[in-house]
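Please read the structure below before turning to the comments.
Residues: numbered from 1 along the sequence shown. Just follow the structure's listing: the first ligand is 1, and inside any ligand the first atom is 1.
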Amino acid sequence: MGRFGNQVDQLLGTISFAKGLDRTLVLPPFIDFAKPGKAQMIPFEDVYQPKFLSQYLKVITLTEFKRDIAPTVWPKESRKALCWSPRESFYEKNAPSGCHAKEGNPFGPFWDYAGVDFVDDEFYGKIEGGYDLSTRGAKSAWNELYSSSDHPVLAFTGAPGAFPSKRKDWETQKFLRWNGKILRSARKFINETLQRPFVGIHLRNNVDWKGVCEHIHSDRKDHLFASAQCLGDHPQKGDFTKEICAPSEKTVIEAVVDKVGSIGARSVFVTSDKDYMMIPIGEALTAYDVKVFTLKDEDPFIALAVLQESDHFIGNCVSTFSSIVTRHRQYSYSQPRPSSYFGHHPRPDQYIPSKKIEL
Ligand code: GFB
């Protein structure tokens, strides 16, 4: 579901599901919507290294699965799609209700890429909690209803992982290590262009984002996308303001100048899906003799890999794209690398809003 940040979020839950059932995870491709028309599939191994993830659970690439496993273990006539409950077809009014696993974009292109057609459907809505194995009885229900001897392959029409991801699954991000080509490009850029210490910032400000931030008001209590990363689960670590979602130029500049000053940064690295604010940031930093850089023809994976390596990262709390960076920094090293968020003024961790008690 969604673009890269959303897909990684759901991947974390999917990893947890496969690990919880002691199943092997067939590494799915990432789905790229950058070009109009049919979604493009990016092989998992072109983005992350399977060997690191295999330190945590059993995995197999889709290529290996298609070549070595599927033809014998999952013969064509036994391929069933697994979805929560039957639904009507979007296109064929008279078709019986079912999973309609290959209907629409990116679903059709996804399963075509996997080389899979389904002969039937299975509905797992009967399992209380669904794919959330922390629900009492869910794990044993999966093992009973879908034992690996009767159902050697579970093929889901949607990722069996929550969105937004659950905090308990965040640490798994450390097993998602960029593919060598991405890492080399990021390190080359850092070594040849940036001077350490450097502050990395993510500015999420394309037109689609404006619509997202309109849903925020001061007494909003529930989360939006990745907002739990700065606000906490309750949420208890600050007020959910519009500035957290769509920081003004003033907020961005103040945060960057403040961080450059406090860590003695010598350069700033900016990524964005729209407005890099290069001129105002550059002007604000002239007094510090600090230069501001971006990647030429920014590749989102390389951009994320550079941000992960920064000495301090300032992200957008609501964006799942930012949360890839913050999770990596939090969990991949013996000492977490520092991150902060535009517009967020943290309250101490232990503060939890108390419920009003009527006496
Ligand atoms: O990753 P994503 O789900 O994060 O979607 P959010 C945002 C996409 O925009 C990324 C591009 O996957 C990238 O393709 N993008 C964002 C960027 N920031 C950058 C950047 O700094 N550099 C580059 N190169 N690309 C939300 C979703 O996006 O957007 C919601 O969570 C919804 O589902 C909403 O779609 C509108 O979480 O930021």
Side-chain angles (χ1 to χ4, degrees), residues 1-14 28-36 39-42 44 46-48 105-106 158-159 161-166 170 173 176 178 182 185-186 189 198-216 222-231 240 242 244-247 252 255-256 268-278 281 292-310 313-329 339 341-344:
M1 186 208 71
R3 286 171 288 169
F4 188 61
N6 286 204
Q7 292 174 33
V8 174
D9 249 39
Q10 288 201 304
L11 177 64
L12 297 181
T14 303
F30 290 100
I31 304 171
D32 184 14
F33 298 96
K35 293 192 189 122
Q40 304 294 308
M41 303 300 140
I42 308 176
F44 182 94
D46 285 6
V47 180
Y48 290 122
N105 189 23
F163 181 79
S165 55
K166 297 198 169 166
W170 290 358
Q173 182 79 44
L176 297 177
W178 298 111
I182 296 170
S185 302
F189 174 78
F198 78 92
V199 174
I201 69 172
H202 173 218
L203 300 177
R204 179 79 165 92
N205 51 25
N206 208 345
V207 278
D208 64 335
W209 200 243
K210 286 208 180 84
V212 167
C213 300
E214 270 164 21
H215 299 290
I216 291 169
D222 52 339
H223 284 296
L224 185 59
F225 306 139
S227 60
Q229 62 175 327
C230 76
L231 296 176
F240 205 165
K242 275 220 162 67
I244 283 185
C245 187
V252 169
V256 173
V268 171
F269 171 66
V270 186
T271 75
S272 178
D273 53 341
K274 179 76 172 164
D275 180 4
Y276 289 76
M277 299 188 188
M278 291 299 278
I281 296 174
V292 190
F293 298 93
T294 61
L295 282 168
K296 199 165 161 277
D297 304 323
E298 187 177 305
D299 171 289
F301 304 133
I302 300 173
L304 288 166
V306 175
L307 291 173
Q308 284 177 189
E309 293 294 316
S310 60
F313 170 62
I314 314 177
N316 185 304
C317 172
V318 182
S319 169
T320 58
F321 193 78
S322 273
S323 70
I324 293 171
V325 179
T326 52
R327 282 191 304 260
H328 175 90
R329 296 172 66 85
S339 303
Y341 304 89
F342 291 114
H344 177 231

I'd like to know if C245 pairs up with C317 as a disulfide, counting it only when the SG to SG distance is below 2.5 Å. no
Which protein residues have a heavy atom under 4.0 Å from ligand 1? R3, F4, G5, N6, H202, R204, D208, W209, V212, F225, T271, S272, D273, E298, P300, S319, T320, F321
If the test is side-chain contact (heavy atoms from CB on, under 4.5 Å), which one of V325, L304, L307, L203 qualifies with T271? L307
Where is the tightest heavy-atom contact between A159 and T14, given as atom of each residue plus distance? CB-OG1, 3.7 Å
Under 3.5 Å, side chain of Q10 to main-chain N/O of M1, donor-acceptor pair present? yes
One pair to check against side chain to side chain donor-acceptor pair (under 3.5 Å): Q229 and T326. What are the steps and the verdict? CA-CA 8 Å; Q229 62 175 327; T326 52; 2.6 Å; yes
Short question: side chain of S272, backbone of D275 - any donor-acceptor pair under 3.5 Å? yes
